Amino acid sequence: MIRFNSVHKWFKDLHVLNDINLEVKAGEVVVVCGPSGSGKSTLIRTVNQLETISQGEIWVDGVNVADPKTDLNALRAEVGFVFQHFNLYPHLSVLDNITLSPIQVKGMDKAAAEARAVQLLEKVGLAHKKDAFPAQLSGGQQQRVAIARGLAMDPRVMLFDEPTSALDPEMIGEVLKVMKDLALSGMTMMVVTHEMGFAREVADRVVFIDHGQVLESAAPAEFFSAPRTERAQQFLRQVLTPMR
Amino acid sequence: MNYHWDWAVFFKSTGIGDEIYLDWFVAGLGWTVAVALVAWCIALALGAVLGVMRTLPNKALSGVATAYVELFRNVPLLVQLFVWYFLVPDLLPERAQVWFKQELNPTTSAYLSVVACLAFFTAARVCEQVRTGIQALPRGQTMAAMAMGFSLPQVYRHVLLPQAFRIIIPPLTSEFLNIFKNSSVASLIGLMELLAQTKQTAEFSANLFEAFTLATLIYFVLNMSLMKGMGWLEKRVAVPGLIGSGGK
């Protein structure tokens, strides 16, 4: 579904992505982790070209996204993206947040878009909040709406960029639960996160990245019990037992 | 002060037809409103376009808008009016010159000049407010909209402008009032708006104090009601949690 072929990106002298080769198969859930500044957020943003790349190819569902001839708007309509800071539209109700793109980009009929939005809101447990405005919701609720907004476009793949990092601890669970249900429903997902519990339980594969390089790519059981590189071992020690 | 106030003057005959002085004020107010409202509509539309241009990634487009703002913001309003009224007609093609200077009645040509002047002057100021309104929005808003497959025009139309305009209602209100106050420059090129009628009343009746008191009062009440109206609008379009939303 997603394939990175020797992808490089430089910010001036900084080599942010260094020879990335990676594949996310249809239906697969891949968690990307790594220390801050490792390039993982940049990596996930290159998939829908919110970040451009300097060199290499990224194929999404048979389309090379780095090709200047690619219709990025059409591509992005097929790729759901969930941000760390939710980025809901504050001037629109929850329902309008979800229906805006289906109506404007896909030309969906308003009634149909709203029916679908309510369905998605039920799925994330927020149907009763459809008329609320984003500022009236908690962080966890906003992020669940943001997930529903992404799903409303019926995407081929969902990308999550640290979806729980801006949340209070007691709200992380409700968002991860929605993501887990989504994974079980067969959605192809690429998730940048520090939530190792989620990675262990839900991911098909964990990718560890540092200094712009993919250092490990393994099934969770293997990654957590026997990380091969010193940097991954150190990272896991810090994330799993931060007080020691 | 040894002045004998005579408020009844407004109901006295002007000596021209059966008009009383109050009729002059009503006519003057009519022109003031006609100038300000038409100029405001143009300024708002043009200013919005220029404000958007200034925030675009395209250097040429934003450069044009920046140059426009610098030009119209740094030349005094009165100078701009004289340019529009005395100079610009001479630059028109010959046919248009004849039309503007001879065929058009003098009131209409003065009206067109002052509307153009106020519209272009105020557009520069509206532009700056629209620009700051857009730039005040978090970058994540554009990112989110792009990630959903929106084209740049759609991002502006559905995400950026509805928020930016809500934020800038208070400073826009101030510009809206300014255009009514600035319309008084029209009196200098012979358009009989409120200030011109006031001066004429003062000269004809010799009741200078009464005339200017009434004019002051009319401007004050007019602007106060506009301000209230804009306050109402601000509350009406307010959205919970969005900055600048009616104090919520």
Side-chain angles (χ1 to χ4, degrees), chain A residues 41 44-45 47-51 71-94 96-108 131-137 142-143 145-146 148-155 157-161 166, chain B residues 48 51-52 55-59 129-172 230 232-248:
Chain A
S41 273
I44 199 168
R45 280 161 193 249
V47 176
N48 67 351
Q49 290 289 289
L50 289 178
E51 292 275 3
D71 178 355
L72 283 182
N73 295 334
L75 165 84
R76 287 167 178 157
E78 306 274 307
V79 177
F81 199 102
V82 175
F83 294 85
Q84 181 177 359
H85 295 286
F86 337 130
N87 297 343
L88 293 180
Y89 311 128
H91 62 296
L92 297 178
S93 70
V94 163
D96 291 342
N97 260 279
I98 299 175
T99 58
L100 187 63
S101 291
I103 293 174
Q104 300 300 335
V105 177
K106 285 196 158 172
M108 211 165 157
D131 297 319
F133 283 92
Q136 297 165 324
L137 303 181
Q142 288 190 51
Q143 193 61 300
V145 172
R149 180 175 70 170
L151 292 174
M153 295 294 279
D154 289 319
V157 48
M158 284 288 282
L159 308 174
F160 295 82
D161 185 10
Chain B
V52 166
T55 63
L56 290 176
N58 184 314
K59 289 268 184 298
Q129 286 161 4
V130 171
R131 175 178 69 88
T132 37
I134 293 170
Q135 287 174 344
L137 300 173
R139 204 164 139 53
Q141 289 292 308
T142 307
M143 295 275 262
M146 302 273 275
M148 303 295 290
F150 277 0
S151 63
L152 200 57
Q154 285 178 317
V155 174
Y156 276 90
R157 159 78 183 77
H158 296 291
V159 176
L160 299 182
L161 289 178
Q163 295 183 58
F165 270 109
R166 283 183 171 87
I167 296 175
I168 63 171
I169 287 178
L172 272 188
M230 290 294 278
W232 172 83
L233 176 72
E234 193 184 349
K235 285 220 175 58
R236 223 194 104 98
V237 300
V239 161
L242 192 66
I243 38 168
S245 292
K248 262 189 256 173

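Chain naming here is simple, since letters A, B, ... match the order of the sequence lines and numbering starts at 1 in each. This structure is a prediction, so every number in the text was calculated from the model and none was measured.
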* Side chain to side chain, L50(A) and M146(B), heavy atoms closer than 4.5 Å -> yes
* Mind checking whether R157(B) and Q104(A) have side chains closer than 4.5 Å, heavy atoms only? -> no
* Asked: Which residue out of G149(B), G140(B), S151(B) racks up the most heavy-atom pairs below 4.5 Å with chain A?
  -> G149(B)
* **Contacting region of Q154(B) [heavy-atom separation from chain A under 4.5 Å]** => side chain
* Asked: Can you tell me how far the CD atom of Q163(B) sits from the CG atom of L92(A), to the nearest 0.5 Å?
  -> 7.5 Å
[X] versus chain B, the contacting section by heavy-atom distance below 4.5 Å:
| X | value |
| --- | --- |
| L88(A) | backbone |
| F133(A) | side chain |
| H91(A) | both |
| R45(A) | side chain |
| V79(A) | backbone |

* Do you know which of H85(A), E78(A), Q136(A), M153(A) has the most heavy-atom pairs with chain B at a distance under 4.5 angstrom? -> Q136(A)
* **Pick from A77(A), A135(A), G150(A), S101(A) with the largest number of heavy-atom pairs that fall under 4.5 Å of chain B** => S101(A)
List the atom of [X], the atom of [Y], and the distance in Å for their closest heavy-atom pair.
| X | Y | answer |
| --- | --- | --- |
| N73(A) | F150(B) | OD1-O, 3.3 Å |
| M148(B) | Y89(A) | CG-OH, 3.7 Å |
| A144(B) | F83(A) | CA-CE1, 3.5 Å |

